[in-house]
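All values reported here derive from a predicted model rather than from experimental measurement. Counting starts at 1 for both ligands and their atoms, following the listed order.
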Amino acid sequence: MPERVRITDVAPRDGLQNEAGFVPTADKADLVRAIAATGVREVEITSFVSPKWVPQLGDAAELCDLLAADKPEGVVYSALVPNEKGLDGVLAANERAGFKLIDKVGVFASASETFSRKNTNASIAEVLERFVPVIGRARKHGLKVRGYVSCIVACPFEGPTEPFATAAVATRLADLGVEEIDLGDTIGAGTGATFGRVLSTTLQALDEAHEWSDASRVTVHLHDTHGLAAECVRVALELGVRSFDSSVAGLGGCPFASTPEQRAPGNISTEVLLREIERAGLRHHVDHAALEQAAALAQRLVAESRQAEGSAS
Ligand code: HMG
Ligand code: MG
């Protein structure tokens, strides 16, 4: 039986954080439910970050309270946390729910110093230091921890990233105790060749430092600026990676990776990712008809929020 690839749909988080408008909380909850109904194993539902930095997701607590009423069996809900305050928000949401509504938290670092400052107002070293108590407390509460590394191929401000810089941050996150590393090509700069170089360097470094030969502990998070994300998926599958992030309808982008010339690009769409998984002869858990419904909802919500934003400004 061919292996199954794990998909985390990050549209409610990466997708909605990059929209100028605010999607109402009840609509966000419907989007999470529609995505969970597609069969994806994991949904990144929101971020517990500063609402001053990302007002679009300032309703993380309220969203969790809505979702606590009907979390489906077998789906993992995750959320980003940049610091202990964010983790406190997750733990409080789980406490109010009376069960582990959020199963996993994502801490996020960068391979680029400039992006680290733009995204978190701190250097790479400071961010990693901040994560020590976050990871320790999260694990004590039985939460899984994913460690993101952004700008693995290039930074919107500094240009190309050296593969060893990505490998060093990924290894450090593994030293700190994350169960999973998520490698982000934040601005979709990778080609099969450049992305493949950084991925194989990082897989090798993780294996040497921690014997992480199980490639399902590494997730690949692509943005699809130049239409090359599918090529990068093929390279990652060849290198043994079996876990990918994607976004229904290709929503997404980090607002702090936008420059005056270029708005941060969307994630690889779940639809394109499925095509590559199927072409490789592997399996997934997603139902195409349910995915179409979720994509239609995502597109409608984004269109409504853009319309509301347009008439307000
Ligand atoms: P700061 O301003 O240096 O933090 O921001 P601070 O500690 O000085 O706090 C400032 C204010 O924020 C205070 O409020 C804090 O209480 C509050 P005030 O006293 O002024 O009223 N605050 C918080 N509120 C709620 N939840 C929190 C929290 N923390 C502080 N967790 C900070 C530092 C890290 C908080 C800020 O820079 C931040 O929130 N950054 C988040 C940026 C972000 O969400 N970026 C997008 C996600 S990463 C991404 O998209 C990349 C990825 O997709 C992978 C890829 O594509 O590569 C994952
Ligand atoms: Mg992203």
Open item on the list: If you apply the rule side-chain hydrogen bond (donor to acceptor under 3.5 Å, both in side chains), what do you find for Glu180 with Thr219, and how did you get there?
Closed with: CA-CA 7 Å; Glu180 176 188 341; Thr219 296; 2.8 Å; yes
- [ ] Go through the steps to decide whether His221 and Asn267 satisfy the test side-chain hydrogen bond (donor to acceptor under 3.5 Å, both in side chains), and finish with yes or no.
- [x] CA-CA 8 Å; His221 176 107; Asn267 292 92; 3.2 Å; yes
TODO: Apply side-chain hydrogen bond (donor to acceptor under 3.5 Å, both in side chains) to Thr270 and Ser246, showing your working.
DONE: CA-CA 5 Å; Thr270 305; Ser246 62; 2.9 Å; yes
Task: Pair His210-Asp175, side-chain hydrogen bond (donor to acceptor under 3.5 Å, both in side chains): steps then yes or no - done: CA-CA 8 Å; His210 292 282; Asp175 295 343; 2.6 Å; yes
TODO: Output, in order, the C-alpha distance, side-chain angles, deciding distance and verdict of side chain to side chain contact (heavy atoms under 4.5 Å, CB included) for Val81 and Val90.
DONE: CA-CA 8 Å; Val81 296; Val90 168; 3.7 Å; yes
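The proximity of Leu80 to ligand 1, defined as any non-hydrogen pair under 4.0 Å, is limited to the side chain. Heavy atoms from both the backbone and the side chain of Thr186 come within less than 4.0 Å of ligand 1. If you look at Lys118 next to ligand 1, there are no close heavy atoms at all, none under 4.0 Å. The proximity of Pro82 to ligand 1, defined as any non-hydrogen pair under 4.0 Å, is limited to the side chain.
The protein reaches atom 56 (O) of ligand 1 closely, with a heavy atom under 4.0 angstrom from it. Counting protein heavy atoms under 4.0 angstrom from atom 8 (O) of ligand 1 gives zero. Remark: atom 13 (C) of ligand 1 lies closer than 4.0 Å to no protein heavy atom.
In plain terms, the two heavy atoms of Val149 and Ala111 that are nearest each other are CG1-N, 3.9 Å. A pairwise comparison of heavy atoms in Glu158 and Thr114 identifies OE2-OG1, 2.5 Å as the closest pair.
Under 2.8 Å from the Mg ion (ligand 2) lies no N/O/S atom of Asp245, from backbone or side chain alike.
Because its NZ or CZ atom is not both nearer than 6.0 Å to the ring centre of Phe195 and within 45° of the ring axis, Arg197 does not count as a cation-pi partner of that residue. Remark: Lys104 fails to qualify as a cation-pi partner of Tyr77 under the 6.0 Å distance and 45° angle criteria applied to the six-membered ring.
Annotation: Ser47 places no N or O atom under 3.5 Å from an N or O atom of ligand 1; distance criterion only.
Close approach of ligand 1 to Gly86 is summarised as follows: ligand atoms under 4.0 Å from at least one heavy atom of the residue are 31 (N). Of all atoms in ligand 1, numbered sequentially from 1 with element shown, those under 4.0 Å from a heavy atom of Arg130 are 34 (C). Interface of Ser150 with ligand 1, defined as ligand atoms under 4.0 Å from a residue heavy atom, comprises 51 (C), 54 (C), 55 (C), 57 (O). Using a 4.0 Å cut-off to heavy atoms of Phe108, the atoms of ligand 1 that qualify are 48 (S). Listed by number with element, the atoms of ligand 1 under 4.0 Å from a non-hydrogen atom of Pro51 are 24 (N), 25 (C). If you number the atoms of ligand 1 from 1 as listed, the ones under 4.0 Å from a heavy atom of Asp14 come out as 53 (O). Residue contact check: Gly184 has heavy atoms under 4.0 Å from atoms 57 (O) of ligand 1. Listed by number with element, the atoms of ligand 1 under 4.0 angstrom from any heavy atom of Asn119 are 37 (O), 40 (N), 41 (C), 42 (C), 43 (C), 45 (N), 46 (C), 48 (S).
Using cut-offs of 30° and 60° for the angle between ring planes, the Phe157 and Phe115 rings count as parallel. His288 and His284 have perpendicular rings, their planes meeting at more than 60° on a 0 to 90° scale where under 30° would count as parallel.
The protein atom (non-hydrogen) at minimum distance from atom 18 (P) of ligand 1 is Lys52 NZ, 3.2 Å. The shortest contact between atom 16 (O) of ligand 1 and any protein heavy atom is with Lys85 NZ, 3.0 Å. Taking atom 32 (C) of ligand 1 as the reference point, the nearest protein heavy-atom neighbour is Thr120 O, 4.3 Å. In this structure, atom 10 (C) of ligand 1 lies nearest to the protein heavy atom Ser50 OG, 5.0 Å. Protein heavy atom closest to atom 1 (P) of ligand 1, with residue, atom name and distance, is Asn121 ND2, 3.8 Å. Among protein heavy atoms, atom 58 (C) of ligand 1 sits closest to Arg13 NH2, 3.4 Å. Atom 35 (C) of ligand 1 has as its closest protein heavy atom Asn83 ND2, 3.7 Å. For atom 25 (C) of ligand 1, the closest non-hydrogen atom on the protein side is Val49 O, 3.4 Å.
Rounding to the nearest 0.5 Å gives a distance of 6.5 Å between CZ of Phe131 and CG of Leu173.
Within the set Val149, Asn267, Val153, Val54, the minimum heavy-atom distance to atom 44 (O) of ligand 1 is found for Val54. Nearest-heavy-atom check against atom 46 (C) of ligand 1 across Glu84, Glu44, Gln17 picks out Gln17. Nearest to atom 5 (O) of ligand 1 by heavy atom, out of Phe48, Phe256, Trp53, is Trp53.
Distances from the Mg ion (ligand 2) to each N, O or S atom of Asp14 single out OD2 as the nearest.
Not one N or O on the side chain of Glu44 forms a donor-acceptor pair closer than 3.5 Å with the backbone of Arg13. In this structure a side-chain-to-backbone donor-acceptor pair under 3.5 Å is present from Asp9 to Val248.
When each of Arg6, Lys144, Arg146 is checked for a side-chain hydrogen bond (donor to acceptor under 3.5 Å, both in side chains) with Glu42, only Arg6 meets the rule. Results of the side-chain hydrogen bond (donor to acceptor under 3.5 Å, both in side chains) test with Glu304 over Arg300, Arg306, Gln307 single out Arg300 as the only residue that passes.
Cluster annotation: Val105 is connected to Val132 through the hydrophobic network of ILVMFWY side chains, with a link wherever side-chain heavy atoms come within less than 4.5 Å.
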